[in-house]
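Contents: one structure, followed by commentary.
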There are 2 protein chains.
Amino acid sequence: MDPQPFHDHDHHQCSDAVMSQAEASLAASGARLTPVRRRVLEILLEAHRAMGAYDVLQRLAAEGYGNQPPVAYRALDFLVEHGLAHRIQRLNAFAACMHPGEAHAPAFLICRVCDTVAEAPAAPVRAALDGAAADLGFTVERASIEALGLCPACREPS
Amino acid sequence: MDPQPFHDHDHHQCSDAVMSQAEASLAASGARLTPVRRRVLEILLEAHRAMGAYDVLQRLAAEGYGNQPPVAYRALDFLVEHGLAHRIQRLNAFAACMHPGEAHAPAFLICRVCDTVAEAPAAPVRAALDGAAADLGFTVERASIEALGLCPACREPS
DNA sequence: CTTGACGCGTTATGATATTACATACATAGA
DNA sequence: TCTATGTATGTAATATCATAACGCGTCAAG
């Protein structure tokens with residue numbers, strides 16, 4: 001079963017699973033998961049949320065790491081480059097990838113009430129986009145697909 | 001024929017058409033196209049590009065309008081609210097809407113070489129996205145769909 | 001002719017992100 | 001082991017993007 005933010009799940013297990021996948025994925029590519037990078041990923045994994053770079057930085061600083069923006073941005077950029085995190089343009093923020101290692105071009109579903117961010121399988125969306133672009137002669141290389149709305153939990157009056 | 005950035009077109013006519021549509025659209029809603037707002041729209045229309053708020057501001061300032069950020073942001077926000085311009089999240093920038101008045105939820109195609117921004121019809125894309133979201137119980141309210149890639153002109157070695 | 005809504009101008013500040021350079025650390029080769 | 005090399009981290013300074021808060025001018029309704 002996939003990590004799935006919108007429903008009850010054992011979050012500890014969910015995070016651990018992602019961390020393991022992340023480690024495996026990195027080992028395969030020869031990149032190093034240094035303490036700062038690992039810690040940043042853990043911080044992102046604490047919630048199914050997007051966090052701003054400065055929020056992450058504050059956490060790092062409190063734990064004795066550097067307290068200047070590049071410390072956070074470098075780790076975040078590393079995670080994004082290696083597919084362990086995503087940048088959410090709409091929020092100027094970052095979220096842990098819930099499916100590291102798998103090739104995927106996700107769409108992000110952002111709940112405007114609880115700020116939860118989920119990844120939806122976007123292959124069909126991407127196909128539609130590629131088609132629309134092709135009609136205009138445009139070749140899509142990278143796409144950001146981000147939706148703002150209501151997650152199941154916030155939709156129903158609990 | 002639609003305004004279509006990626007192909008040769010009479011740009012003067014293209015801009016004029018959009019301005020007329022914009023005026024009509026605003027008149028219908030009772031909102032006012034003041035000099036600053038009009039000028040900002042004209043500036044955005046000069047190129048099929050996204051411009052940063054500060055770029056617009058510089059232009060305004062050079063023409064004797066205010067030279068502080070809120071002057072630009074207010075006009076830009078107004079245009080966006082009234083469907084005359086779009087914010088391109090990926091670029092932290094704004095582009096004139098090429099189909100004002102028409103209800104549309106566009107996808108943006110951004111050429112990474114010439115920076116041209118075009119709007120593609122996104123109804124099928126949006127449908128696919130709604131579907132993927134619905135599978136997770138998520139209700140999409142607003143979506144940003146932005147693609148980075150190569151426009152037809154930049155794709156072919158001229 | 002007042003009043004109230006709106007648009008514009010300005011100051012100040014906040015939030016996000018990068019450049020540039022210095023220091024430390026790991027590791028492979030001599 | 002020693003040292004050279006690349007990579008990671010730390011820090012200062014600055015660039016870029018965005019908003020809050022306030023005051024003034026204009027214009028139309030009452």
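Numbers restart at 1 for each chain; the letters A, B, ... are given by sequence-line order, proteins then strands.
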- Query: Under 4.0 Å between a side-chain N or O of A/Asn92 and OP1 or OP2 of C/dA17?
  - Reply: yes

- Query: If you check every side-chain atom of A/Tyr73, which of D/dT19, C/dG9, C/dA17 has the closest atom?
  - Reply: C/dA17

- Query: Taking atom types as modelled and ignoring hydrogens, do the side chains of A/Thr116 and A/Arg49 form a donor-acceptor contact shorter than 3.5 angstrom?
  - Reply: no

- For the residue pair A/Phe6 and B/Phe138, does the interplanar ring angle fall in the parallel (under 30°), tilted (30 to 60°) or perpendicular (over 60°) class? parallel

- Hey, are B/Glu46 and B/Arg59 close enough for a salt bridge, meaning a charged N less than 4.0 Å from a carboxylate O? yes

- Message: Side chain of B/Arg37, heavy atoms from C-beta onward: which of C/dG7, C/dA26, C/dA17 has the nearest atom to it?
- Response: C/dG7

- Task: Could you check how far CD1 of B/Ile88 sits from C1' of D/dC17, rounded to whole Å?
- Result: 16 Å

- Query: B/Leu76 has an atom CG; how far is it from atom C1' of D/dT16, in whole Å?
  - Reply: 15 Å

- With respect to the phosphate group of D/dT7, does any side-chain polar atom (N or O) of A/Thr34 fall under 4.0 Å of OP1 or OP2? no

- Message: Hydrophobic clustering (ILVMFWY, side-chain heavy atoms < 4.5 Å, transitive) - are A/Ile145 and A/Ile110 grouped together?
- Response: no

- Task: Specify the separation, in whole Å, of atom CD of A/Glu81 and atom C1' of D/dA8.
- Result: 14 Å

- Note on the structure: Taken to the nearest whole Å, CG/B/Asp55 to P/D/dA15 is 16 Å

- Whole angstrom value for the distance that separates P of D/dC17 from CZ of A/Arg90: 19 Å

- Taking for B/Arg74 and for A/Pro70 the nucleotide of DNA chain D with the nearest heavy atom, the one nearer the 5' end belongs to A/Pro70

- Would you say the side chain of A/Tyr54 and the base of C/dA17 hold a donor-acceptor pair, judged only by whether the two atoms sit under 3.5 Å apart? yes

- In whole angstroms, how far is the C1' atom of C/dA12 from the CG atom of B/Asn67? 14 Å

- Message: Judged by each residue's nearest nucleotide on DNA chain C, which is more toward the 5′ side, B/Arg32 or B/Gln68?
- Response: B/Arg32

- Message: In whole Å, I'd like the distance from the CG atom of A/Leu91 to the P atom of D/dC17.
- Response: 18 Å

- Query: For A/Met51 and C/dA15, what is the distance between atoms CE and P respectively, to the nearest whole Å?
  - Reply: 15 Å

- Note on the structure: Closest to the side chain of B/Phe94, out of D/dG10, C/dG9, D/dA18, is D/dA18

- Message: Under a plain distance cut-off of 3.5 Å, with no hydrogens placed, do A/His9 and A/His7 share a side-chain donor-acceptor pair?
- Response: no

